[in-house]
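Notes follow the structure.
Indexing begins at 1, ligand by ligand and atom by atom, following the structure's order. Model, not experiment: these values are computed from the prediction.
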Amino acid sequence: MKKKTLLTPGPTPVPERALTRMAMPAMHHRHSEFKKVLGEVREGLKYIFQTKGEVIIFASSGTGAMEAAVTNTLCKGDQVLVVRSGKFGERWADICKAYGVNADGIEVKWGSAVKVSEVAAKLKAKAYKALLIQATETSTAVQHPVKEIAELTKGTETLLIVDGVTGVGVFPLPFDEWGIDLLVTGSQKALMLPPGLAFAALSEKAWKACEKSDLPKYYFNFRKELKNLGNNETAYTPAVSLIVGLHEVIKMYKEETLEKVFAENARMAEATREALKAMGLKLFAPESPSDACTAAWTPETVDGAEVVKRIRDVYGYAIAGGQDQVKGKIIRIAHMGYIARYDIIAGIAALEQTLTDLGYKFELGSGVRRAEQVFGG
Ligand SMILES: *Cc1c(COP(=O)(O)O)cnc(C)c1O
């Protein structure tokens, strides 16, 4: 009878409203009933992405949209620049490699954000077709300075391609205003849905690049989807129930407003950071923390993997551990999507219990008290 709560940076909890809608009998994707839903979803996605342009929808995980970003805008042998600050930055580099795109990397220490001056210097030294980056590098809980980087690429030949999988719907990434060229996300993070939908917004510059791109592609074809969306259809069978769920999620975002969602996420992020510090934990990314998730070093005497296992198995809270070089050394707690203040407070309480069980000495209740102070003050 254990109640389970997801505080993982994907998947995130799905609101009851969306679950109920998705449980309704299936619609045919070429019938008017579904086309009406898709039409409203198209408009809603423009609101979420803060763009006037079309947002392309694929039935895939977020990585599908990342791959599509590369295969639709680039050419074989293109030179691109990839910010490598964790697992997802490496994914950009791997996708480029798979398609014969030459990727230079900016290596960033895990837990740090890329320096704008370093990006500027690299862009000056060589002509790059694209710069690929994460809005949040989820593996390290770092938020990169996308706004400042967009100022470097705006009006140049270089496309700014942003993996916003834990950014869109979490904190401001106004696509048109900042001059981002390609922004992708997936359904299972801030969009509060099960995994299975991927999205991409494109600027005019990006659409022009699509005309010239010669990389192989079939299913993940932006131009083909753009044409179909104009008729409230997708080229192939869409993930109908997820799009119906998205219809509901968009309503929730509009009722709440993006501004309020962003402000609340920032507040929950701050409360989480402050609570962890009050418990004596060291933040993993203190200089440039993300509003999507927070990472902290586990105490030296405690195995991070044990924390993640115990808090889930005994207390019912799913959090994430570290990957690769920080495996077993950090914990990550997400605070995006359908997460409320009291989920954070309860999650911190569960973490306090877990760490106490594992022999870490600190004042019980110190994290919860600090989180409440941040929310209350
Ligand atoms: C979750 C995530 C992805 C997408 O991963 P999928 O498993 O393919 O959905 C991509 N980038 C970032 C930054 C993420 O957090």
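Close approach of ligand 1 to K189 (heavy-atom distance below 4.0 Å) involves ligand atoms 1 (C), 2 (C), 3 (C), 14 (C), 15 (O). Atoms of ligand 1 found under 4.0 Å from any heavy atom of T136 (numbered from 1 in listed order, with element): 13 (C). Set against the non-hydrogen atoms of T138, the atoms of ligand 1 under 4.0 Å away are 12 (C), 13 (C), 14 (C), 15 (O).
Within the 4.0 Å heavy-atom criterion, the part of V165 lying near ligand 1 is the side chain and not the backbone.
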Please output the side-chain donor-acceptor pairs of residues 306-327 that fall under 3.5 Å, not counting sequence neighbours, one pair per line with the distance.
unit_1	atom_1	unit_2	atom_2	d
K309	NZ	D313	OD2	3.0
R310	NE	D357	OD2	2.8
R310	NH2	D357	OD2	3.1
Y315	OH	D357	OD2	2.6
D324	OD2	K87	NZ	3.4

With a cut-off of 3.5 Å and sequence neighbours excluded, list every side-chain donor-acceptor pair involving residues 198-209.
unit_1	atom_1	unit_2	atom_2	d
S203	OG	D181	OD1	2.7
S203	OG	K205	N	3.3
S203	OG	A206	N	3.1
K205	NZ	T153	O	3.2
K205	NZ	T156	O	2.9
K205	NZ	T158	O	2.8
K205	NZ	D181	OD2	3.4

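With hydrogens left out, the protein atom closest to atom 9 (O) of ligand 1 is Q188 NE2, 2.7 Å, a heavy atom. Counting protein heavy atoms only, atom 11 (N) of ligand 1 is closest to D163 OD2, 2.6 Å.
No side-chain donor-acceptor contact under 3.5 Å links K154 to the backbone of L152.
When M66, R91, E67, K87 are ranked by how near their heavy atoms come to atom 5 (O) of ligand 1, first place goes to R91.
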Could you go step by step and tell me if L281 and L355 meet the side-chain contact (heavy atoms from CB on, under 4.5 Å) rule?
CA-CA 11 Å; L281 303 186; L355 289 175; 4.2 Å; yes

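Two rings, from Y47 and Y253, have their centers 6.0 Å or more apart. Aromatic ring centroids of Y360 and F362 lie under 6.0 Å apart.
An N or O contact shorter than 3.5 Å is missing between F88 and ligand 1 by distance.
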